[in-house]
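Protein chains get the first letters and strands the later ones, always in sequence-line order, with residue 1 at the start of each.
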There are 2 protein chains.
Amino acid sequence: MDTSKEGCWAASFDSSKISFLPEAVITPRKEAEIGEVLTLANRHKVPVTVRGRGTTLMGSAAPVAGGWVIDMLKLDSIKIDAEAGMAHVQAGAKNGDVQRAAEAKGWFYPPDPSSKEYCTIGGNIACNAGGMHGGKYGVTRDFVICLRGYLPTGEAVQWGTATKKFSAGFNLRDLWIGSEGMLGVVTGAVLKLVPQPAARWTLLTAFKTETQAVNAARALFRLRVQPAICEFLDRESVHCAESATKRPVFAGQKDRAVILLELAGTASEVKEQSKVLLAWAKQHALAYRAARTRAEAEQLWEVRRKCSGAMFELGDAKLNEDIVIPMSSYAKFIAFLMKLKKATKLAIPTFGHLADGNLHVNIMYHREDPAESKTAEETVALVMRTVVAMGGAISGEHGIGLAKTPFLRIQHNPAQVSAMQAVKKALDPNGILNPGKMFTLFEVWKQPRMDIHLPWDHK
Amino acid sequence: MDTSKEGCWAASFDSSKISFLPEAVITPRKEAEIGEVLTLANRHKVPVTVRGRGTTLMGSAAPVAGGWVIDMLKLDSIKIDAEAGMAHVQAGAKNGDVQRAAEAKGWFYPPDPSSKEYCTIGGNIACNAGGMHGGKYGVTRDFVICLRGYLPTGEAVQWGTATKKFSAGFNLRDLWIGSEGMLGVVTGAVLKLVPQPAARWTLLTAFKTETQAVNAARALFRLRVQPAICEFLDRESVHCAESATKRPVFAGQKDRAVILLELAGTASEVKEQSKVLLAWAKQHALAYRAARTRAEAEQLWEVRRKCSGAMFELGDAKLNEDIVIPMSSYAKFIAFLMKLKKATKLAIPTFGHLADGNLHVNIMYHREDPAESKTAEETVALVMRTVVAMGGAISGEHGIGLAKTPFLRIQHNPAQVSAMQAVKKALDPNGILNPGKMFTLFEVWKQPRMDIHLPWDHK
């Protein structure tokens with residue numbers, strides 16, 4: 001147990017960069033220690049916040065009510081069952097390490113948040129993390145076979161078995177997934193793997209407008225082609241990437257929206273589908289370029305990787321929203337977004353995963369400018385209302401935490417919120433697990449943010 | 001509202017064939033009517049049991065506490081979103097109809113319980129139904145994108161949106177899946193579809209012993225081949241099929257365990273993998289036969305389809321258990337099963353899905369023979385204890401209902417059961433939804449069963 005000033009400070013914040021000091025940090029070496037800590041915490045009604053690497057942007061891992069922080073980073077074992085295609089991992093295992101361990105045995109773990117070299121599986125489970133492979137392969141929830149951990153009372157539980165079928169009793173496994181550490185503490189998981197794709201093929205396509213880009217993507221999906229990745233960048237995002245890489249995405253093409261596609265599968269499958277994709281690109285895109293080698297593919301990917309960090313040339317503050325839009329509303333949402341950019345005069349570079357409609361809308365502003373800050377704050381609320389009105393979701397992969405609490409009730413009606421709160425009360429009667437999150441209004445934009453650079457920050 | 005004797009009798013039982021008369025049957029034409037019925041039921045504390053077609057063998061749809069039955073069969077709309085690859089369905093839609101509607105648009109809905117021509121999507125969701133495609137594609141839970149319905153209070157709720165990503169608030173969608181109608185009433189769902197496989201290829205393989213068969217299957221999985229279907233039949237099941245079809249499975253081969261494999265995918269993918277499968281069969285199987293045409297494939301499939309009904313030549317009563325075994329324990333479980341057959345002198349024909357370990361263990365006995373009945377009853381308990389000791393599940397796709405209540409606590413420790421009961425209490429404080437199921441001990445073998453033939457009964 002660490003009660004030092006430095007130790008508590010380091011555990012006082014996540015990527016939302018708002019600090020709340022806990023009174024102690026516990027770093028268990030054995031899962032059973034977590035049961036012991038929870039037994040005590042529950043007896044004395046001490047708030048407990050569990051953290052992995054703290055890469056969440058939502059404030060979900062910030063100990064807003066103080067109390068104790070459980071740091072999971074030492075519980076990081078990974079074991080691949082190469083026959084069954086399953087990974088047996090502890091909650092503190094890093095997503096990237098799970099991916100590599102699986103790959104070494106011919107298997108593939110698709111969920112890949114952009115922080116994958118830092119974030120933990122426990123954190124991924126807490127927010128039902130997604131990533132670029134969501135459209136074809138699914139999100140964290142789709143890969144969790146079994147969970148073990150502790151109830152807030154300190155009692156050990158296991159939800160499911162290491163088998164692909166399980167239909168015995170209420171599904172608390174999935175209730176825990178996405179519950180942001182508020183219903184129980186995950187210590188270990190069995191994850192489903194899929195066969196490692198033997199081949200990949202990358203294609204970058206450019207379009208005159210965002211509307212043309214999303215309409216082209218819809219035309220592609222109508223062909224029943226499921227690219228493993230289908231990343232869209234609007235012109236503002238492309239501009240950011242270009243200024244970061246100091247290279248135009250397409251020589252001779254300026255100010256274009258782009259879609260970056262990747263096929264994955266058996267060699268013959270990829271070959272078949274690449275022909276379909278090339279014909280599609282020829283028909284719909286202004287320009288396109290396929291990668292002939294892995295190195296060329298990496299170069300195409302640079303566009304996507306660099307755009308996010310470069311956005312800070314457009315403002316020193318970013319409201320990064322991970323909304324989801326049903327496919328049928330893509331064009332309508334783009335029209336709304338373009339009008340919004342004009343009306344607010346804010347830069348709102350937007351990119352995301354077209355195969356699942358999960359768009360990252362980045363509202364950029366200058367924190368010290370009160371008018372801009374107010375506009376940004378109003379804009380995010382308008383985006384959320386619009387998204388829900390279009391049948392979409394206010395979060396696709398980040399969760400609610402603190403940052404999205406003002407919007408929870410836009411997504412959910414009072415009966416839905418009451419049902420969730422009843423479940424919380426039932427499983428955590430003393431309210432010790434991650435209090436202050438999800439249901440209690442918290443306005444991040446009113447909080448002072450620390451000016452620090454975290455290892456996984458872009459640039 | 002139907003309070004007639006005939007109407008109430010027809011809604012008084014499911015495939016467990018134990019009858020409990022309700023006082024009324026309501027067949028809503030509009031989803032909103034369900035909210036109204038629940039509001040009244042909750043006010044007057046009337047038990048409510050929701051039923052689809054009643055194909056469950058577990059008694060999950062039997063109104064054990066009387067009250068009102070809501071019959072969902074009129075709410076059966078199906079709409080395919082061919083672009084997004086989603087099916088928008090009402091709970092009363094038939095599984096087989098959803099499959100056909102998807103197929104007509106080039107999509108595929110994989111969950112396929114053997115009762116698919118009768119059972120409803122609502123029922124599939126209630127028990128998290130599986131089927132033969134589970135190993136490669138997953139089960140019902142893996143295909144539910146969004147649910148709508150009513151809380152027991154009559155309030156309308158929607159869990160999730162028609163998008164492949166959603167991470168906003170507690171995941172009550174998945175908590176409802178597999179909750180056997182005890183936490184809420186599902187009226188509609190959005191289901192995920194996958195591209196319709198362009199090609200299928202079927203291979204029947206025979207093995208000298210069950211152990212050789214399961215070990216061969218494990219060798220196949222180590223090659224990273226994921227057959228769409230991998231059905232195992234032990235010698236007793238094969239014997240049943242042979243006596244039903246009056247034809248040996250393989251000319252010149254008698255008394256063999258078999259594995260029936262089906263590949264599905266793009267034409268080139270299936271071609272590639274069929275070579276791997278043939279080489280595998282050559283190395284491991286005693287005999288094998290590939291289907292060259294769809295008609296030949298159908299003939300191979302006959303073995304699997306006929307075995308279940310033919311089991312009644314071995315006894316007039318069947319305890320059909322859908323246990324799940326982790327792959328690493330296959331051989332150990334087979335050894336246990338063979339010993340059990342000898343020790344009990346009961347016929348226990350066993351078949352199932354080797355890609356996910358979901359085996360149907362059919363304990364056959366004669367109801368009028370008290371010694372045999374007692375042995376059967378003790379045998380099922382021993383099977384359950386053994387399965388759980390091997391890290392497996394007491395149910396892979398049927399659920400608990402009434403029939404598996406004696407075994408719930410073998411699977412789940414007291415903390416797990418208490419947590420489930422707390423969730424039930426939180427969401428259904430008056431306990432009106434499907435009371436008497438899951439947690440209350442009920443011994444089916446002590447109940448009189450009706451001697452009726454249902455349309456989906458085998459033979």
Side-chain angles (χ1 to χ4, degrees), chain A residues 82-84 106 127-128 130 134-135 139 142 151 155 157 161-172 174-175 177-179 195 218 221-222 224 226 266 268-269 272 324 326-327 356-358 391-400 408 411-412 415-416 419-420 422-423 425-427 438, chain B residues 82-84 106 127-128 130 134-135 139 142 151 155 157 161-172 174-175 177-179 195 218 221-222 224 226 266 268-269 272 324 326-327 356-358 391-400 408 411-412 415-416 419-420 422-423 425-427 438:
Chain A
E83 187 175 87
C127 68
N128 192 18
V139 295
D142 299 302
L151 295 174
E155 292 163 295
V157 291
T161 50
T163 57
K164 287 188 181 173
K165 282 184 179 162
F166 187 87
S167 186
F170 293 157
N171 181 7
L172 272 78
D174 285 5
L175 179 63
I177 300 171
S179 70
R218 292 179 61 180
F221 301 138
R222 282 197 291 271
R224 308 289 177 278
Q226 285 200 314
T266 63
S268 55
E269 196 186 349
E272 263 175 36
V324 197
M327 215 169 266
D356 53 35
N358 183 202
I394 61 167
S395 173
E397 51 189 19
H398 292 174
I400 302 296
L408 183 76
Q411 184 83 69
H412 291 288
Q416 290 164 211
M420 289 179 199
V423 166
K425 185 90 190 153
L427 292 179
M438 202 174 292
Chain B
E83 185 176 87
C127 69
N128 191 17
V139 296
D142 299 303
L151 295 175
E155 292 162 295
V157 291
T161 49
T163 58
K164 287 188 181 174
K165 281 183 178 165
F166 187 87
S167 185
F170 293 156
N171 180 8
L172 271 76
D174 285 5
L175 178 64
I177 300 171
S179 70
R218 291 179 61 180
F221 301 138
R222 283 196 291 271
R224 307 289 177 279
Q226 286 200 313
T266 63
S268 55
E269 195 186 349
E272 262 174 34
V324 196
M327 216 170 264
D356 55 33
N358 184 200
I394 61 169
S395 173
E397 51 189 18
H398 291 176
I400 303 297
L408 183 75
Q411 185 83 70
H412 291 288
Q416 289 163 212
M420 290 178 199
V423 166
K425 185 90 190 153
L427 292 179
M438 203 175 290

Problem set entry | Which portion of B:E269 sits near chain A, non-hydrogen atoms under 4.5 angstrom | both

Problem set entry | Under 4.5 Å from a heavy atom of chain A, the part of B:M420 involved | both

For this session: Against chain A, work out which of B:A422, B:A168, B:G391 has the most heavy-atom pairs shorter than 4.5 Å and name it.
Result: B:A168

Problem set entry | chain A contact via B:V139 - which portion, at a heavy-atom distance below 4.5 Å | side chain

Exercise. Relative to chain A, which segment of B:I400 carries a heavy atom at a distance below 4.5 Å: side chain, backbone, both, or neither?
Worked result: both

Seminar exercise, completed: Cut-off 4.5 Å, heavy atoms of chain A, and the answer for B:I177 is both

Problem set entry | When B:L408, B:N358, B:I394 are compared by non-hydrogen pairs under 4.5 Å with chain A, the top option | B:N358

Exercise. So, for B:V157 and A:A415, which heavy atoms are closest and what is the spacing to 0.1 Å?
Worked result: CG1-CB, 4.1 Å

For this session: Identify which part of B:Q226 has an atom lying under 4.5 Å from any heavy atom of chain A, answering side chain, backbone, both or neither.
Result: side chain

Exercise. If you count heavy-atom pairs under 4.5 Å between each of A:R218, A:R222, A:K164 and chain B, which one has the most?
Worked result: A:R218

Exercise. Where do B:T161 and B:F166 come nearest, in terms of heavy atoms and distance?
Worked result: OG1-CD1, 3.5 Å

For this session: Can you see which heavy atom on A:C127 is nearest to which on A:H398, and at what distance?
Result: CB-O, 3.4 Å

Problem set entry | Residue part contacting chain B, namely of A:Q411, when any heavy atom lies under 4.5 Å | side chain

Exercise. Quick one: of B:A426, B:G357, B:G396, B:A393, who has the most non-hydrogen atom pairs under 4.5 Å with chain A?
Worked result: B:G396

Problem set entry | Residue among A:D174, A:L427, A:L175, A:T266 with most heavy-atom pairs under 4.5 Å to chain B | A:D174

Exercise. Side-chain contact, heavy-atom cut-off 4.5 Å: A:D356 with A:V324?
Worked result: no

Exercise. Between A:E155, A:M327, A:R224, which shows the greatest number of heavy-atom pairs under 4.5 Å with chain B?
Worked result: A:R224

Exercise. Which answer fits B:A162, side chain, backbone, both or neither, if we ask what part of it has an atom under 4.5 Å from a heavy atom of chain A?
Worked result: backbone

Exercise. Using non-hydrogen atoms only, which part of B:L151 is less than 4.5 Å away from chain A: side chain, backbone, both, or neither?
Worked result: side chain

Problem set entry | Atom group of B:E83 that falls short of 4.5 Å from chain A, counting heavy atoms | both

For this session: Among the options B:G169, B:G392, B:S179, B:A82, pick out the one with the most heavy-atom pairs lying under 4.5 Å from chain A.
Result: B:G169

